[in-house]
Undergrad: 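Quick one: this structure, given as structure tokens, is what I'll be asking you about.
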Amino acid sequence: IGRISFEAMLSAAETDPSFADNIFIHSPDQARRAVEILVAEAALDGEVSPQERAVIERLARQLKISGQEFNDLYVAGVRRADALRKHHAN
């Protein structure tokens, strides 16, 4: 997703408590993958803001992802963003 789309999604997730109900996730694996990708998108600029993290974490809870699992996905997403930045820097 592009940065503008990501920002629009974050805004919608902040203002709509049922935001996760409108996301079509068909399996726990898809939910985990989606959260990791959202973290990576947020981290592409080198930093996940507290606001971005809070929204993604809330979405993860709505998708039935535990706190520890979110932390693992968060680390994986940040690593993914780091790898992408390094790849594009070369």
Side-chain angles (χ1 to χ4, degrees):
I1 58 178
R3 190 76 189 160
I4 293 173
S5 298
F6 179 71
E7 295 296 333
M9 187 216 56
L10 283 179
S11 177
E14 284 181 313
T15 59
D16 183 358
S18 64
F19 180 78
D21 296 338
N22 299 317
I23 298 174
F24 298 104
I25 301 289
H26 301 287
S27 72
D29 285 340
Q30 282 184 336
R32 287 188 289 273
R33 214 169 314 127
V35 168
E36 182 181 333
I37 290 168
L38 289 173
V39 171
E41 176 67 30
L44 277 176
D45 63 0
E47 178 182 3
V48 178
S49 74
Q51 176 190 18
E52 289 171 328
R53 183 181 173 118
V55 170
I56 297 168
E57 195 166 4
R58 187 177 64 205
L59 180 61
R61 282 193 306 273
Q62 291 174 330
L63 294 172
K64 310 289 190 252
I65 294 173
S66 72
Q68 182 56 53
E69 191 170 17
F70 173 79
N71 289 336
D72 294 344
L73 293 168
Y74 184 87
V75 169
V78 169
R79 285 184 182 150
R80 180 185 289 224
D82 290 345
L84 286 169
R85 276 197 317 279
K86 286 178 187 173
H87 175 76
H88 288 288
N90 293 330

Undergrad: Between V39 and L73, is any pair of side-chain heavy atoms under 4.5 Å apart?
TA: no
Undergrad: First locate atom CD of Q51, then atom CD1 of I56, and finally report the distance between them rounded to the nearest 0.5 Å.
TA: 10.5 Å
Undergrad: For R80 and I37, what are the C-alpha separation, side-chain angles and deciding distance, and is it a side-chain contact (heavy atoms from CB on, under 4.5 Å)?
TA: CA-CA 8 Å; R80 180 185 289 224; I37 290 168; 3.8 Å; yes
Undergrad: If you measure from CG on D45 to CD on E52, what distance do you get to the nearest 0.5 Å?
TA: 6.0 Å
Undergrad: I need the E36 CD to R79 CZ distance, nearest 0.5 Å.
TA: 10.5 Å
Undergrad: Do the numbers put R61 on top of the ring of F70, so that NZ or CZ is under 6.0 Å from the six-membered ring centre and no more than 45° off the axis?
TA: no
Undergrad: Testing the basics here: between L44 and R85, what is the closest heavy-atom pair and its distance to 0.1 Å?
TA: O-CD, 3.1 Å
Undergrad: Minimum heavy-atom separation for A81 to A43, with atom names?
TA: CB-CB, 3.6 Å
